[in-house]
Amino acid sequence: MSTAGQVIRCRAAVAWESGKPLSIEEVEVAPPQKDEVRIKILFTSLCHTDVYFWDAKGQNPLFPRILGHEAGGIVESVGEGVTDLKPGDHVLPIFTGECKECPHCMSEESNMCDLLRINTDRVGMINDGKSRFSINGKPIYHFLGTSTFSEYTVVHVGQVAKINPHAPLDKVCVLSCGMSTGFGATVNVAKPKKGQSVAIFGLGAVGLAAAEGARVSGASRIIGVDLNPSRFKQAKKFGVTEFVNPKDYNKPVQEVIVEMTGGGVDRSVECTGSIQAMISAFECVHDGWGVAVLVGVPNKDDAFKTHPVNLLNEKTLKGTFFGNFKPRSDIPAVVEKYMNKELELDKFITHTVPFSEINKAFELMLAGEGLRCVIRMDE
């Protein structure tokens, strides 16, 4: 029996207010409108960004809301005008998009789509501004255009990557945000050459994905920088060869790294969001050719301060968004890298929980345990 064109009733984990446990509710999910697809979510994982907006400190508290943006699923039905997706397709919904028509999408250099780039304050669909979720007729807000903490969700077609149907969704779901962000920051933006040295600031999931990118690129030294020494053991699995804890030194960590490497690392990738780490990441690269890439999201009032002579000495500072990947054009190929065993994902997934225990995923992340917790929607 087809559900196309009909309202679907299903379970969703709703955040009613900031910092309070999510509540599993029956929600109504409207059919997809023009340029939208409705997806049956099979696996979703918890990313730090979900926790950030659930906690809502320093953010607009927009509730009730269905969070979630790292996921894998199957297209249930498509709205008017959708031609490149059909029911049954295996897909990853992605928090940013690719309309394929704006100047950014037409450019080979950018992935920052004018229509669909991340907007954390948008609570409805782009088409009409309205929510596709409701409980007893009252709308429930969307999150990042994805809202994957629901058994069914509605997403703009430009935010959906169609992938190999043989790829295991419980593994590749982590490519829809954090893993691609870190991996792409290294391979697409820092671009270390074989045999070069790379420093990674922050050894959470995104930082370890950046280290994985350095490993795949053939870096000779991968230096992990983190304030938490318990992360060092795990990081070895991701190719990190040596570790620096800034707390162990009475001088700036960039000076330590410059000394260790005889002039600085060839590339650095910053994955913490700390302004101090960003400055260190830039100042620890080698003059003449060093490239530092910023990935972490700073607080809104932060400012970056360094001496301009660092730039005059031919150090390069770059920023990146979602690893410079275009969601629809590039992510299917990253999935193929996993399928061809060029990229390892299984080691990122440290926990799995059933949907009914989604709050346990939040507890694990708040306790700093593990990297990614995958939530199985069918339980």
Side-chain angles (χ1 to χ4, degrees), residues 96 98 104-105 107-112 175 177-225 235 238-242 254 257-258 260-272 277-297 304 306 310-327 329-338 340-345 348:
T96 181
E98 181 186 355
H104 284 275
C105 287
S107 155
E108 285 181 13
E109 295 178 46
S110 175
N111 67 336
M112 301 192 73
L175 285 171
C177 175
M179 304 313 98
S180 296
T181 295
F183 185 76
T186 306
V187 298
N188 295 337
V189 188
K191 295 182 179 166
K193 299 181 175 71
K194 200 170 164 44
Q196 285 191 322
S197 56
V198 182
I200 309 287
F201 286 75
L203 299 176
V206 174
L208 293 177
E212 179 76 2
R215 183 187 71 78
V216 168
S217 301
S220 60
R221 291 176 79 177
I222 304 173
I223 301 168
V225 183
F238 297 82
V240 175
T241 54
E242 48 209 297
Q254 53 266 45
I257 292 170
V258 167
M260 278 172 71
T261 53
V265 284
D266 301 302
R267 302 287 185 264
S268 71
V269 186
E270 186 286 319
C271 304
T272 69
M278 293 180 187
I279 294 166
S280 300
F282 177 49
E283 294 184 354
C284 81
V285 298
H286 206 291
D287 55 6
W289 63 78
V291 179
V293 178
L294 306 186
V295 180
V297 179
F304 182 102
T306 190
N310 285 313
L311 291 154
L312 299 177
N313 286 341
E314 298 182 11
K315 296 182 180 191
T316 301
L317 180 64
K318 291 182 168 189
T320 176
F321 170 69
F322 191 50
N324 210 225
F325 285 120
K326 292 180 190 276
S329 304
D330 298 337
I331 293 305
V334 183
V335 170
E336 291 309 311
K337 275 190 191 298
Y338 169 73
N340 300 335
K341 299 195 165 46
E342 295 168 50
L343 167 65
E344 296 173 24
L345 291 178
F348 285 101

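By convention here, the first residue in the shown sequence is residue 1.
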May I ask you to check whether over 12 heavy atoms, not counting those of E109, lie within 6.0 Å of atom CD? no
Any chance you could measure [X], atom [atom1], to [Y], atom [atom2], to the nearest 0.5 Å?
{"X": "F348", "Y": "F183", "atom1": "CZ", "atom2": "CZ", "value": "9.0 Å"}
{"X": "M260", "Y": "R221", "atom1": "CE", "atom2": "CZ", "value": "5.0 Å"}
{"X": "H104", "Y": "M112", "atom1": "NE2", "atom2": "CE", "value": "6.5 Å"}

State, to 0.1 Å, how close [X] and [Y] come at their nearest heavy-atom pair, and which atoms those are.
{"X": "V189", "Y": "G319", "value": "CG1-O, 4.3 Å"}
{"X": "I331", "Y": "F322", "value": "CD1-CZ, 3.8 Å"}
{"X": "T272", "Y": "A277", "value": "OG1-CB, 3.3 Å"}
{"X": "S110", "Y": "S107", "value": "N-OG, 3.3 Å"}
{"X": "C284", "Y": "S268", "value": "SG-CB, 4.1 Å"}
{"X": "L294", "Y": "F304", "value": "CD1-CE1, 4.5 Å"}

Is the shortest heavy-atom distance from the side chain of [X] to the side chain of [Y] under 4.5 Å?
{"X": "D330", "Y": "N188", "value": "no"}
{"X": "E314", "Y": "D287", "value": "no"}
{"X": "I279", "Y": "Q254", "value": "yes"}

Can you name the residues that form a salt bridge (Lys or Arg N to Asp or Glu O under 4.0 Å) with E344, not counting sequence neighbours? R215, K347
Mind checking salt bridge (Lys or Arg N to Asp or Glu O under 4.0 Å) for E108 and listing every partner two or more places apart, or none if nothing turns up? none
If you apply the rule side chain to side chain contact (heavy atoms under 4.5 Å, CB included), what do you find for K326 with N111, and how did you get there? CA-CA 5 Å; K326 292 180 190 276; N111 67 336; 4.0 Å; yes
Side-chain atoms of residues 190-205: list all donor-acceptor pairs with protein atoms under 3.5 Å, sequence neighbours left out, distances to 0.1 Å.
residue, atom, partner, partner atom, Å
Q196, OE1, K193, N, 2.9
S197, OG, D266, N, 3.1
S197, OG, D266, OD2, 3.1

Between T306 and E283, is the side chain to side chain contact (heavy atoms under 4.5 Å, CB included) condition met? List the steps. CA-CA 8 Å; T306 190; E283 294 184 354; 2.7 Å; yes
With V293, the side chain to side chain contact (heavy atoms under 4.5 Å, CB included) member among T320, T316, L317, N324: T320
Between K315 and V285, is there a donor-acceptor pair closer than 3.5 Å when you use the side chain of the first and the backbone of the second? yes
For side chain to side chain contact (heavy atoms under 4.5 Å, CB included), just list the numbers for K318 and F282, CA-CA rounded to whole Å, side-chain angles, deciding distance to a tenth of an Å, and then say yes or no. CA-CA 9 Å; K318 291 182 168 189; F282 177 49; over 6 Å; no
